[in-house]
2 protein chains.
Amino acid sequence: MKTRDRILKASLQLFNEQGERNVTTNHIAAHLGISPGNLYYHFRNKADIIYSLFLQYRGLVDRYLKVPRNRTLTVEDKMFYLESVFDGLWHYRFFHRDLEYLLTMDERLRHDYREFTFHCLGEIRAVLKGLQEAGILRPHSEQEHEAMALNVWLVVTNWMAFLKTASADGGSDGNTQRELKQGIYQVLTLEMPYLTEAYYERVTAIREQYRPDLSVMEGGSRAEEPDLSV
Amino acid sequence: MKTRDRILKASLQLFNEQGERNVTTNHIAAHLGISPGNLYYHFRNKADIIYSLFLQYRGLVDRYLKVPRNRTLTVEDKMFYLESVFDGLWHYRFFHRDLEYLLTMDERLRHDYREFTFHCLGEIRAVLKGLQEAGILRPHSEQEHEAMALNVWLVVTNWMAFLKTASADGGSDGNTQRELKQGIYQVLTLEMPYLTEAYYERVTAIREQYRPDLSVMEGGSRAEEPDLSV
DNA sequence: GCAGATCTAGAGTATGTACTCTAGGATCAA
DNA sequence: TTGATCCTAGAGTACATACTCTAGATCTGC
C-alpha cells in the first residue's frame, strides 16, 4: 500500500478513536513508523489530510445514495439507504464530531461540505417522494417533504454524537457501534405517522427491531441483530 | 462585578464568538486586562471555567423548563418552552459546539451533562403527555412519546450547528441568530401529524411564522460559483 | 492602626504542535 | 552508468498553551 494511502488510513483510524483534536501529525507519523517529514511530503498540512478523508467519505455516500428516478421505491430500498448511511457515518465518525471546527479552519472543506449537505437533503427528499409515489407514504406537500428531510438529516447526522454523550462510559466504540443502528428507529419514527395503512404493519414491525433501549445505557446491552424479512 | 463573574462572562462571550478551542486562558485574561495568575486564582483550570458555565446553563434551563403537573398545558405554554429553549441554546451556544471534546476532558461534566440530558428528555416527555391530556395532541403510547422526545432533543440541540454548517458565510452570528428560531418550525414539524383536528389550524398557523427559507441559504452558494454564461 | 485574608501582577516554565530543512537513499528511463 | 525524479529520515524551529510561582497590593474586622 502506498504511503499516502497508509497515512489516510491511519489518520482515519486515529481520528475516529481519539478525535481529530487529540491526534497530531506527529502521532500519525509515529503510529506508522515514518518520519514527520515524510508525512509532510505527501500532505501539505493536517487540513489537507482531513479534506482527503472528506472526499473519501463523500465518494462513499455518493456511491450508494443514488435514488432511482425511473422506478418506484420499495421498503427494501429505504432500509438499504438507512443501513448504508449509518455504516458510512460510523466509518467516518470523527468527521461530524469536530465538524464545526474543521469547517472554520478550511474554507475549501466548508464550501464542499455545504454543497454535500444540500445534495444529501435533495436525495432524502427524492426518497420521500419516491416512497410517496410507491404508496408507502401518504401524499403531502413539497414543503412538508423539505421540513421532514431536514429533520431526517438532523437525526441521522447527530445520532452518534447523542450516543456518545448519553452513554455512561463516554461512548466506547464497542457499545456505540452496536447501538448505532438504533438511530434507524429514530428516523423511522419521523416517518411513521405518514405511513399508508397498506404498509403500516410491515414498516412498524421492521422499526420495532431497531428500538433503542435507553434504560440499558447504564450497563451493557445485548441487542440482537434486526431481522429484515418481515 | 466580581472578577470571578467577569471571567465567566468574558469566557462565555469569547467561547461563543470564537469557539472554545480557539480561546485560551491567556486570551481571556488579556481580554479582561487581568493577569493569567489572577485568572488561575479564581479557577483551577480551563475545564473549571467551562464547568461553571455549564452550571449556569443548567440553572437557566431548570428555571423555565418546569412543566406544571397540576394543570393542563396550553399552546402558549408549548411556545414559551420552545422560545426559551432556543434562547438558552443561543446564549450558551459554544457548549453544544465542542460538546464531545469537553465531555472527554472532564469526567464531572460528562456525568452531570448526562444527567441533564435525561432530565430534559423527561421534561420533553412531560410536555408531550401534557399536550395529549389537554387534547392538543392525539393520544399515543409511552414508547412513542419516548421516541418523539428523543427526536425533539436531537433537532433542538443540533439545529444551531446545522445552521452554522449550512449557511454560506460559515454562520456569522448576525444571520444565525435570526435563523435560530426557525428551529422551532422543525420541532413543530415533528409533532404536526399528531395534532388533533381541534388544534390543527391554530398550531400550523403559528408554525408557519417560523418557516425557514432554505432557498436563501442555497442561493448563497450558487452566487459563489463562476458564471459560465458569456 | 494592624494582622490576616483576599486578591492581583507578571515573569516564567514545561510541554505540545504544526511544520521545515537538508541530506541522502531508492527507482527508473535512456 | 548517469541523471532525474520520487521518496524518506530525523533533527530542528517557531510558536502557542495551560498553568505556576513569588512578591506585593488591597481589603476587612477589630
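By convention in this document, chain letters (A, B, ...) are assigned in the order of the sequence lines, proteins followed by strands, and residues within each chain are numbered from 1. Everything numeric in this text was worked out from a predicted model, so none of it was measured.
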Parallel, tilted or perpendicular: rings of A:His96 and A:Tyr113 (30°, 60°): perpendicular
Pairing of A:Glu123 and A:Arg69 as salt bridge, 4.0 angstrom limit: yes
Taking side-chain contact (heavy atoms from CB on, under 4.5 Å) as the definition, give me every residue that meets it alongside B:Lys181, ordered by chain and number, with sequence neighbours left out. B:Glu83, B:Phe86, B:Asp87, B:Ile184, B:Tyr210
Numerically ordered, the residues 38-56 of chain A set in heavy-atom contact under 4.0 Å with DNA chain D is A:Asn38, A:Tyr41, A:His42
For the pair B:Tyr57 and B:Tyr92, name the ring-plane relationship: parallel under 30°, tilted 30 to 60°, perpendicular over 60°. tilted
5' priority, DNA chain C, between B:Pro36 and A:Pro36 [closest heavy atom]: B:Pro36
B:Arg114 and A:Thr165 side chains, donor-acceptor separation under 3.5 Å: no
Any luck finding a side-chain donor-acceptor pair between B:Arg207 and B:Thr189 under 3.5 Å? yes
Any donor-acceptor pair under 3.5 Å linking the side-chain atoms of B:Gln182 with those of B:Gln186? no
Do B:Arg211 and B:Tyr185 pair up side chain to side chain, a donor and an acceptor below 3.5 Å, judged on atom types alone? no
Could you verify whether a donor N or O on one side chain and an acceptor N or O on the other, from A:Tyr51 and A:Asp112, lie under 3.5 Å apart? yes
Identify, residue by residue, the members of residues 92-104 of chain B with a heavy atom below 4.0 Å from DNA chain D, and return them in order of residue number, or none. none
Under a criterion of less than 4.0 angstrom to any heavy atom of chain B, what are the 5'-terminal and 3'-terminal contacting nucleotides of DNA chain C? C:dT6 to C:dG10
Between A:Arg108 and A:Glu115, does at least one N-O distance fall below 4.0 Å, as a salt bridge requires? no
With the threshold set at 4.0 Å, does a side-chain nitrogen-carboxylate oxygen contact exist between B:Arg97 and B:Glu20? no
With a 4.0 Å heavy-atom cut-off, tell me which residues in residues 13-35 of chain B come close to DNA chain C, sorted by residue number. B:Gly33, B:Ile34, B:Ser35
Once salt bridge (Lys or Arg N to Asp or Glu O under 4.0 Å) is applied, do any residues pair with A:Asp62, and if so which ones, sequence neighbours excluded? none
